[in-house]
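One structure below.
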Amino acid sequence: MTAPHPVSRLTEALSELAGAEVTLERPSDPEHGDYATNVALRLAATRGRPPRELAAEIAAEAVERGLVESAEAAGPGFVNLHVPDAWLAEGVREIVEAGDAFGSGSAETRERVQVEMVSANPTGPITVAHARNGAYGDSVARLLGFAGHEVEREYYYNDGGTQMERFHASVEALRRGEEPPEDGYHGAYVAELATLPGDPVPAMLEQMQATLERFRIHFDGWTLESEIEAEIPEAIALLDTFEEEAAVWARTSAHGDDKDRVLVRSDGEPTYFAKDAAYVRRKYARGFDRLIYVLGADHHGYVARLQALAEMLGHPRETLEVLIYQLVHLVEGGAAKKVSKRRGDVVFLDELLDTVGVDAARWFLVSRGHDQAIELDVDLAKERTQKNPVYYVQYAHARIAGILRNAGDDDVVAQSHEVGVATSLEREERELVKRLLEFPHVVVEATERRAPHALPTYAIRVADDFHRFYHHHRVLESEQRAFRLALCAATAHVIRRSLDLVGVEAPERM
RNA sequence: GCGCCCGUAGCUCAGUGGACAGAGCGGCGGACUUCUAAUCCGCGGGUCGGAGGUUCGAAUCCUCCCGGGCGCACCA
């Protein structure tokens, strides 16, 4: 269950009062109060009453019950609510007490969730394209974990098949002093692998894993395609199948797919889809309640067939989620750059990390909506990233860390209990507190919509409000020292967590 | 042809039913005897691709059109 926090308590009290579910928003115009609700507008039709009249009633009752300091009907029928300073001060105290747990535990039922991501075949280094997959998938995994689910990160790769044969052939050709085949792999990394003895795949995998760890993605499980192959027959036995023209088909069209799919070709070879089936079966057999696949837009055609597999195996199709993100397009000098790993003209993640660092890279790749295609200008990457808003947010955290250092041994948590009801707050303080109190809602939305980019957006707002507060008011040499220290500590918690959920660090100094 | 995603400021993007549509970058002009100026303050900037529709209310939902990206295998 969602841990109660000030805004959720106020929302519930108002819902009870109105006899309908209330949602609170933060009006952009400060004249419209600290919070506002449109509940009267929504209720007007069904109750057959003018919205303004309903709004006025709700406003009066909210004040009567002591939920808010003042309230009034406004506009077409909004209820604008004003909360007292003491209410906000209490909110700060709760954030400081909750610490890094503030906003966590929103899951109504705890699930075992597997998130499969990246899953690039070991034919070359991790690229920025894979990195978007990882940055997105890992952030979703972090959000799910923060909500209270048990999350496992999974990497699946092909250790056989055509591409791997070409990869081996390319390395072997170089070892013989020949050029790699036309349809083989040509990057400089292939030549490096050729200088090492033995199978190049383990070395390649080791490098890829190191890159991913550097990118702060840790996988709990690595599954090889060859492990899955043996389980194909038992998976097929569980599916709805038929034979036609000497091939074995799955009746996926009866389960939401637009056509049936071949499992075993007429020459007796299982298809890739048969391996998918076996893999899905194994995942569920391992006890996961939910399977999440993170795939690029070029794989969106797989959604229906994967969900069909879940259904045929006896699981609700919604328990197999496919998260699709749009692709990363490389641009160089204003012109589109075609990405082909085999030609070697890609941007490797390690290069990007060497140039801009992990924080800027993760921020850049996850701060856009996953439904939005990303254009990465190779030339401008460095310059652009130095102006990356991630530093704006990190700087706010570093400033707070500086204040808390200068405060000495003060026990901020203990002091926050003494923050008086009589606290009189400045405008910048009120705005900052309200911003911090939004955090649990932002996290829930981001989690449910599988949209981690909401966190960077929110973190910028927090930093914005903090920098403004910092500029206008002193913390240490202030009569409000105790409250302001608590406010700083609360802000630090929220920034740190917002960044952590997308894999970005919050530095103590900059 | 069919399916999925996108179209918002000069550029990169937030904003998925609420009040005059926002931020960063870029441009112009201000603010450091102060807990970090990687900051703050001000100015300029828009047919929210277009047309209909639903609604008290639409950038947001529905339909069509235009433009862009990605897919439509007995490949992996």
Side-chain angles (χ1 to χ4, degrees), chain A residues 23 25 27-29 31-32 36-38 41-42 44-45 50-52 74-78 80 121 158 160-166 225 244-249 258-259 261-276 296-304 324-327 329 336 364 367-377 380 383-384 386-396 398-407 428 445 449 451 453-454 456-458 460-461 463-464 466-478 481 484-485 488 509-510:
Chain A
T23 53
E25 58 183 86
S28 49
D29 186 339
E31 294 294 305
H32 296 151
T37 177
N38 62 359
L41 286 159
R42 295 207 327 271
R52 286 284 303 207
F78 293 101
N80 293 338
N121 285 337
N158 214 325
T162 315
Q163 294 305 324
M164 291 310 295
E165 283 166 20
R166 286 176 182 166
E225 184 191 274
E244 192 176 288
E245 293 173 11
V248 180
W249 298 67
D258 55 352
K259 58 184 80 164
R261 305 286 170 181
V262 172
L263 288 163
V264 184
R265 302 192 315 216
S266 50
D267 63 6
E269 281 296 306
T271 62
Y272 195 81
F273 184 61
K275 290 168 193 164
D276 283 335
D298 52 341
H299 289 80
H300 74 252
Y302 295 4
V303 179
I324 299 293
Y325 62 93
Q326 298 301 311
L327 303 178
H329 301 286
F364 176 78
S367 60
R368 271 82 164 164
H370 59 275
D371 269 341
Q372 194 74 232
I374 287 182
E375 292 210 342
L376 176 63
D377 191 315
L380 294 181
E383 180 189 344
R384 177 169 299 176
Q386 279 169 343
K387 288 159 183 165
N388 195 312
V390 70
Y391 300 118
Y392 180 78
V393 176
Q394 290 183 318
Y395 186 53
R399 274 182 150 177
I400 295 170
I403 294 172
L404 297 179
R405 271 196 305 275
N406 291 335
E428 291 80 8
E445 283 288 304
R449 291 168 53 187
H453 75 279
T457 302
Y458 170 72
I460 289 172
R461 298 278 175 272
D464 211 15
F466 176 77
H467 284 308
R468 191 169 299 113
F469 158 72
Y470 179 94
H471 187 262
H472 289 286
H473 306 289
R474 306 288 302 169
V475 174
L476 298 179
E477 303 106 47
S478 153
R481 177 188 162 103
R484 289 183 177 168
L485 272 175
C488 284
R509 298 172 195 271
M510 283 177 76

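Chain A is the first sequence line, chain B the second, and so forth, proteins listed ahead of strands; every chain is numbered from 1. Bear in mind that the values here come from a model prediction, so they are computed numbers and not experimental data. In what follows, every heavy atom counts, from backbone to side chain, and hydrogens, waters and symmetry copies are set aside.
- Taking 4.0 angstrom as the limit, A:R265 places a side-chain polar atom (N or O) nearer than this to OP1 or OP2 of B:C75.
- Checking side-chain atoms of A:H471 against main-chain N and O of A:R468 turns up no donor-acceptor pair under 3.5 Å.
- Residue A:E25 places its side chain closer to B:G18 than to any other of B:G18, B:G22, B:C5.
- Pairing for B:G22 goes to B:C13, judged as Watson-Crick or G-U wobble with the two contacts each under 3.5 Å.
- With sequence neighbours left out, the side chain to side chain donor-acceptor pair (under 3.5 Å) criterion links A:S478 to A:R484.
- Look at A:R449 and you'll find a side-chain N or O under 4.0 angstrom from OP1 or OP2 of B:U16.
- The shortest side-chain heavy-atom distance between A:R509 and A:R405 falls under the 4.5 Å cut-off.
- Within 4.0 Å of A:R474, counting heavy atoms only, lies at least one base atom of the nucleic acid.
- Summarising the base pairing, B:G57 is matched to no nucleotide, lacking a Watson-Crick or G-U wobble pair whose two defining distances lie under 3.5 Å.
- The side chain of A:K387 contributes an N or O atom lying less than 4.0 Å from OP1 or OP2 of B:G26.
- Base orientation of B:C32: syn, since the glycosidic angle falls within 90° of 0.
- Taking only distance into account, the side chain of A:Q372 never meets the base of B:C5 through a donor-acceptor pair shorter than 3.5 Å.
- Listed nucleotides: B:G18, B:C25, B:A76. Nearest to the side chain of A:N158: B:A76.
- Looking at heavy-atom distances under 4.0 Å, A:A36 makes contact with a base.
- Looking at A:H300, its side chain comes within 3.5 Å of the base of B:G3 through a donor and an acceptor atom.
- In terms of modelled atom types and a separation under 3.5 Å, the side chain of A:D464 and the main chain of A:I460 share no donor-acceptor contact.
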For nucleotides 36-45 of chain B, 5' to 3', base contacts (B), sugar-phosphate-only contacts (S) and non-contacts (-) with protein non-hydrogen atoms under 4.0 Å give BSBSSS----
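- Here A:R265 does not pair with A:E269 in a salt bridge; the nearest charged N to carboxylate O distance is not below 4.0 Å.
- The CZ-C1' distance, from A:F364 to B:C11, rounds to 13 Å in whole Å.
- In this entry the distance linking CG of A:D267 with P of B:A73 reads 18 Å, nearest Å.
- Atom name P, nucleotides B:G3 and B:A19: the rounded distance is 34 Å, in whole Å.
- Within 4.0 Å (heavy atoms only), A:E375 reaches sugar-phosphate atoms of the nucleic acid but no base atom.
- Comparing the P positions of B:A31 and B:A23 gives an interatomic distance of 23 Å, to the nearest angstrom.
- If you check B:G69, B:A76, B:C35 against the side chain of A:V475, the one that comes closest is B:C35.
- Judged by atom type and distance alone, A:S266 reaches the base of B:C74 through a side-chain donor-acceptor pair under 3.5 Å.
- Whole-Å rounding puts the A:H329 NE2 to B:C6 P distance at 13 Å.
- Both thresholds, 5.5 Å between centres and 30° between ring planes, are met by A:H32 relative to the base of B:A19, so the two rings are stacked.
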Any protein N or O atoms within reach of nucleotides 54-59 of chain B? Criterion: under 3.5 Å, listing atom names and distances.
none

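- For A:R399 and A:Y470, the positive end sits near the middle of the six-membered ring, less than 6.0 Å away and at most 45° from its axis.
- When both distances must be under 3.5 Å, the Watson-Crick or G-U wobble mate of B:G71 is B:C2.
- Between the C1' atom of B:C74 and the CD atom of A:E244 lies a distance of 11 Å, rounded to the nearest Å.
- Within the nucleic acid shown, A:A247 comes within 4.0 Å of at least one base atom, counting heavy atoms only.
- Within the nucleic acid shown, A:D276 has no heavy atom closer than 4.0 Å to any nucleic acid atom.
- Contact annotation for A:H453: backbone-only contact, meaning every heavy-atom pair under 4.0 Å involves sugar-phosphate atoms and none involves a base.
- Taking 3.5 Å as the limit, the base of B:C20 and the side chain of A:D29 contain a donor-acceptor pair of atoms between them.
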